[in-house]
Amino acid sequence: MRTQVAIIGAGPAGSLLSHLLHRSGIDSIVVERSSRNHVLDRIRAGVLEWGSVEVLRAAGLDARMDAEGHVHDGAALVWGGREAFFIDINRHVGSHFMSYGQTKMQEDLYAAADVRHAAIVFEAANVEVHNPLSDRPSITFDVGGIAERVDADYVVGCDGYHGAARPAIPDTVLRTFEKEYPFGWLGIMSETPPLPDLVYANHANGFALASQRNPMLSRYYVQCSLDDDLADWSDDRFWSELTTRLGSTVGGQVVTGPSIEKSIAPLRSFVAEPMRYGNLFIAGDAAHIVPPTGAKGLNLAISDVHYLSRALTAHYDGGDDEYLDRYSEMALRRVWSAVRFSWWMTTLLHRFPEQTAFDQRAQEAELDYLASSMHAQAAMAEQYAGLPFES
Ligand code: APR
Ligand code: PHB
């Protein structure tokens, strides 16, 4: 097979890139390891920065998002037994964010792919990248027991943290940066009405978060030990911990019910540099991982793909390669900004096992400053809402 851009991975990054390239008249083939339903069954992120909303809107992917998503002017923080305070993103930076599940966004992307008869190969095994430094890179894979090869002008790895693309960048070139956090998040989904706002909590027992997917689907998280497993967390124990950590006022508003999904995820930060090697590019989780605290993972995938589709369009439309040459540097500026912000929010809101009394007081002092300073809240608001894309 032959195409202009070969994309590995049909998650949010790969399927959005394929969609944006198609709108620019650029051909692509997407090769995905899992089945379509397996990708759609994943429970992942739920917050879209307004910049991400605008990318999806410009790409004609906004109908269901506008109909079923929920626009928020900010989010609340609760800590130290005090009343919650609201970080008013609209007031501080004139922006918003959208609660809209990644699963729904993925459904929208696949629906759009079906309309255009997109070339997405599911259940492809043994995907490999070849000759990334040549002007004819290719990928090989097996599907249905048949060996296939796609020759392309460019290969883009949108294949997540465990994908095949990043390893095609030699260790002599690739630099990676990692940070593991000494706790996990236990998340549940329940068919109950959510709280009106997203609420982040710092409590002596640990972090908690109240979020949502739609008016009858709530998403909640509590910080848990990395030694915990799901058997340690009955629904009763979860609801008791969640409402305790949210405090009596906010916790008292929570409508409890049976969990329809429950999972534990570790938290880590990871960045790979550069995000380009010859005619191989990497985007999304293939290049970076953030703790979910700042809701940046999906939004960074969207911003990488926005930059890369703009770069490839400029190349094919007019032979202008400036955005391609600047992709890695430009994407990494936004990645590191979001990685730092996610680290900052995680450090601010969680209880660390090795935390000293000094650390505890310093954390409380920062929360006190955030609660009392409009400047501090404005700084958090503009980073949570997402910084503008570079032109
Ligand atoms: N070959 C082909 N496909 C692969 C391979 C491989 N070797 N390895 C992984 N994949 C596929 C996965 O099955 C997955 O569907 O690549 C896709 C990567 O998708 P994501 O992991 O969702 O990453 P990305 O598209 O960058 O989106 C990032 O998704 O995981 C969440 O929290 C993350 O919200 C963030 C968003
Ligand atoms: C979610 O709705 O899953 C969610 C929201 C905000 C976060 C993390 C996760 O910071």
Side-chain angles (χ1 to χ4, degrees), residues 6-18 30-49 52 69-70 72 75 77 97-103 105-106 109-110 120-129 139-143 155-168 185 187-189 194-195 197-200 207-214 217-221 261 263 265 267-268 270 282-305 335 338 341-342 345-346 349 384:
I7 299 170
I8 309 175
S15 40
L16 178 59
L17 179 60
S18 170
V30 185
V31 178
E32 163 60 48
R33 174 170 66 182
S34 303
S35 71
R36 176 179 172 133
N37 286 340
H38 182 88
V39 178
L40 289 171
D41 283 347
R42 293 178 185 141
I43 305 274
R44 292 288 171 76
V47 164
L48 292 174
E49 293 175 354
S52 297
H70 183 93
H72 295 260
L77 269 73
F97 65 87
M98 174 85 80
S99 280
Y100 190 60
Q102 181 174 317
T103 308
M105 179 184 142
Q106 190 67 65
L109 282 161
Y110 282 174
I120 302 180
V121 178
F122 288 100
E123 300 183 74
N126 309 316
V127 177
E128 284 186 54
V129 178
I139 60 174
T140 55
F141 56 94
D142 303 323
V143 60
V155 174
V156 183
C158 297
D159 47 352
Y161 180 76
H162 300 287
R166 191 176 69 247
W185 276 20
I188 73 148
M189 205 75 93
L195 299 180
D197 292 320
L198 267 65
V199 183
Y200 293 84
F207 168 86
L209 169 61
S211 185
Q212 57 189 249
R213 289 291 179 274
N214 66 50
L217 192 59
S218 297
R219 181 69 166 154
Y220 293 111
Y221 300 93
E261 193 273 341
S263 56
L267 274 68
R268 68 176 185 275
F270 171 82
I282 53 178
D285 275 14
H288 39 73
I289 297 287
V290 284
T293 324
K296 293 300 177 192
L298 177 57
N299 291 294
L300 282 177
I302 293 171
S303 54
D304 291 348
V305 162
V335 164
F341 177 70
S342 303
M345 266 190 86
T346 301
L349 295 173
Y384 189 93

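Counting starts at 1 for both ligands and their atoms, in listed order. Keep in mind that the numbers below use all heavy atoms, side chains included, and drop hydrogens, waters and symmetry copies.
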Given side chains that start at C-beta, do those of Phe122 and Asn37 come closer than 4.5 Å, heavy atoms only? no
Please give the N or O to N or O pairs under 3.5 Å between ligand 2 and the protein, distances rounded to 0.1 Å.
unit_1, atom_1, unit_2, atom_2, d
ligand 2, 2 (O), Ser211, OG, 2.6
ligand 2, 2 (O), Arg213, NH1, 2.7
ligand 2, 3 (O), Arg213, NH2, 2.8
ligand 2, 3 (O), Tyr221, OH, 2.6
ligand 2, 10 (O), Tyr200, OH, 2.7
ligand 2, 10 (O), Pro292, O, 3.0
ligand 2, 10 (O), Thr293, O, 2.9

Would you call Val31 and Val143 a side-chain contact if the rule is heavy atoms closer than 4.5 Å? no
Side chains of Arg44 and Leu298: does their closest heavy-atom pair fall under 4.5 Å? no
In the structure I gave you, are the side-chain heavy atoms of Leu349 and Leu77 within less than 4.5 Å of one another anywhere? yes
Would you say Gln212's side chain and Leu198's backbone share a donor-acceptor pair under 3.5 angstrom? no
Flag this pair as yes if the NZ/CZ of Arg33 is under 6.0 angstrom from the six-membered ring centre of Phe141 and inside a 45 degree cone about the axis; otherwise no. no
Below 4.5 Å, heavy atoms only, C-beta onward: do Ile302 and Leu48 meet side chain to side chain? yes
In order of chain and number, which residues sit within 4.0 Å of ligand 1 by heavy atom? Ile8, Gly9, Gly11, Pro12, Ala13, Val31, Glu32, Arg33, Ser34, Val39, Arg42, Arg44, Ala45, Gln102, Val127, Cys158, Asp159, Gly160, Gly163, Ala164, Gly284, Asp285, Gly297, Leu298, Ala301
Mind checking whether Trp185 and Tyr221 have parallel, tilted or perpendicular rings, split at 30° and 60°? tilted
Kindly assign one of parallel, tilted or perpendicular to the pair Phe97 and His72, based on the angle between their ring planes and the thresholds 30° and 60°. parallel
